[in-house]
Amino acid sequence: MNHVAIDIGASGGTVYRGEVTPDDFAVEEVHRFDNRPVERDGRYVWDLDALREGMVAGIEAADERAALDTVGVDTWGLDFGLLRDGEVLRDPISYRDPDSTATREAVFEVVGKRRLFEASGITNWNTPNTLWQLHTLASEEPEVLERADGLLMMPQLLSSLLGARPAGEVTIASSTQMADPERRVWATDLLEELDLPTDLLPDLAEPGQHLGPVADDVAASLSSTPEVVTPASHDTASAVAGLPLDGDSAFLNTGSWFILGVERDDPILSDAAFEQAFSNELGAEETVRFLRNINGFFLLEECREAWREAGEPVDYGTLLSAAREAEPRAALVDTDAEGFSIDEPMPDQIRAYCRRTDQPVPESQGAVVRCLLDSLAAKVALALDGLSAVVDEPPENVVLGGGGVRNELFCQLLADATGRPVSTGPVEATAVGNVLTQAVAAGTLPDLAAGRRLVESAFETTTYEPRAPGGWERAKERLTALAA
């Protein structure tokens, strides 16, 4: 069968065609389009018209290669849209908007962080959670919520623009800090404590829902009429589903955000998990992804955007070559520091951070890139230390997915910093997992385990062995002090 995986992140969307049989798996990129928050009326929002245009163009490109059976959309977490009588009330606010979580501290005052963790399994204090966004909206723009009769997370909102019926799905819902990870339903008691509406929320279901055919205006340009289904619709849930994991592996999905964790059968809600700031997000086939979010390549991508505007080189080959020549671990930044934003050129923000923290200031492009890669490797290593202290069986290796797979320098730095072998999974791990969960829903595959076996056969992998640890323990100490 032929499946379309639409994977949309906070900096762009990519559309893939996946062909799956019981014995074979193949995926190919067919279309790519930009996606960045746009400023309207003083707020950063997502341009739904542009996103629909990009999705439809991708479906058409996939249809040119083969008749299509299903379409599935996955996106980043956090953001949502409000509806009235099936129509979107306004473009969704982006989590990168500085005012999107203005009342976060008020949430903590009412219920406290420990209660939030008990109810939702989520810490993620460094991310603008859906819960905080909804609370800010209820506090500052209550008239908007009063007009709404439905709320959809971004994957389901975008699916509805393609013709799908409105729905809820557990993997994306679990990223909101508004869902119960043990019962896999909305945490309505928590929401009621915060005086937040629960009648807007759709019923939750596992991945694999059949949501109806694509809209007539989409189908009109196709040779077939594919059905919209829900994959594991949180991009990280799809990415983890697409990685060849075993019981000894931690996963690290690399993109704008890094997500480090392990796959489990049940959540961990212990004091140690709370103190180490790990979260429990839901995965395909009733699994739990025990993980931590780290602000990842977002800072690097913002640097490239600033350099592009300044007419400087931005291709990865040039930047990574320069980074290899730069002094290692000369300066480090806490990528989760709240001061980094989309309002100012990122290279200037990184240099200002280093000045404030009395570190050497990275002036050249190579020095800036090396600073970020060293910082991310050390940040992941610290998180892996924390993970190992919480779980019963610490992971012995790391399986990497996403864009970082192509970054050989970062992969080696990561192996050195963590002291563990780092194996590369598919660059397109999110699309692979999206397609696999569609194939299970279609009945082509019996389960995800069968799909992962196909993935192991279909993709080449590289393993980076840790070298001499060098100054990584000292780097982790420095980064811990910076983050304190």
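Predicted, not measured: the structure shown is a model, and the values here were computed from it. Heads up: numbering here begins at 1 and tracks the sequence.
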Report task. Could you tell me the separation between the CG atom of L134 and the CG atom of L145, rounded to the nearest 0.5 Å? Result -> 5.5 Å
**Report entry** Modelled atom types, side-chain donor and acceptor of D79 and W46, under 3.5 Å
**Finding:** yes
Query - Centroid separation F258 to F410 less than 6.0 Å - result: yes
**Report entry** Polar side-chain atom of R52 near backbone of L161 as donor-acceptor pair, under 3.5 Å
**Finding:** yes
Query - S233 side-chain N/O to T230 backbone N/O, donor-acceptor pair under 3.5 Å - result: no
Query - Salt-bridge criterion met for K379 and D334 (N-O under 4.0 Å) - result: yes
Query raised in the report: Side chains of T171 and E169: do they bring a donor and an acceptor to under 3.5 Å?
Result: yes
Query - D91 and R43 ion-paired at < 4.0 Å - result: no
**Report entry** Nearest-0.5 Å distance that lies between atom CG in L162 and atom CD1 in I6
**Finding:** 5.5 Å
Requested in this report: Using modelled atom types only, decide if a donor and an acceptor are shared between the side chain of S139 and the backbone of T136 within a distance under 3.5 Å.
Outcome: no
Query - Ion pair check, E28 and R65, cut-off under 4.0 Å - result: yes
Report summary line: CD1 (I8) and OG1 (T14) are apart, to the nearest 0.5 Å, by 9.0 Å
Query raised in the report: Given the side-chain rings of W132 and F108, with only the six-membered ring counted for Trp, is the space between their centroids under 6.0 Å?
Result: yes
Query raised in the report: Given the rule in the salt bridge (charged side-chain N to carboxylate O under 4.0 Å, His left out) test, do K113 and E105 qualify, once you have shown the distances and angles that lead to the verdict?
Result: CA-CA 10 Å; K113 290 184 176 180; E105 296 303 320; over 6 Å; no
Query raised in the report: Should we count CD of E408 as having more than 12 external heavy atoms under 6.0 Å?
Result: no
Requested in this report: Check whether the side chains of R420 and S388 place a donor and an acceptor atom closer than 3.5 Å, and report yes or no.
Outcome: yes
Query - D374 with R329: basic N within carboxylate O range, under 4.0 Å - result: no
Requested in this report: Answer whether the closest heavy-atom distance between the side chains of Q177 and T130 falls below 4.5 Å.
Outcome: no
Requested in this report: Check whether any side-chain N or O of T75 sits under 3.5 Å from a backbone N or O of M154 as a donor-acceptor pair, and report yes or no.
Outcome: no
Query raised in the report: Between R452 and E263, is there a salt bridge with N-O shorter than 4.0 Å?
Result: yes
Requested in this report: To the nearest 0.5 Å, tell me how far E456 CD sits from F25 CZ.
Outcome: 13.0 Å
Requested in this report: Decide whether D336 and N295 meet the rule of one side-chain donor and one side-chain acceptor closer than 3.5 Å.
Outcome: no
Query raised in the report: Can the ring centres of F298 and F340 be said to be less than 6.0 Å apart?
Result: no
Report task. List the steps and the verdict of salt bridge (charged side-chain N to carboxylate O under 4.0 Å, His left out) for E141 and R90. Result -> CA-CA 13 Å; E141 299 180 87; R90 66 179 187 184; 3.0 Å; yes
Query raised in the report: Ring centroid separation for Y95 and Y44, is it under 6.0 angstrom?
Result: no
Requested in this report: Find the distance between CG (L78) and OG (S94) and round it off to the nearest 0.5 Å.
Outcome: 9.0 Å
Query - CD/E338: more than 12 non-hydrogen atoms of other groups inside 6.0 Å - result: no
Query raised in the report: Is a side-chain N or O of T424 found less than 3.5 angstrom from the main chain of T462, in a donor-acceptor match?
Result: yes
Requested in this report: Measure the spacing between CG of D315 and CH2 of W307 and express it to the nearest 0.5 Å.
Outcome: 11.5 Å
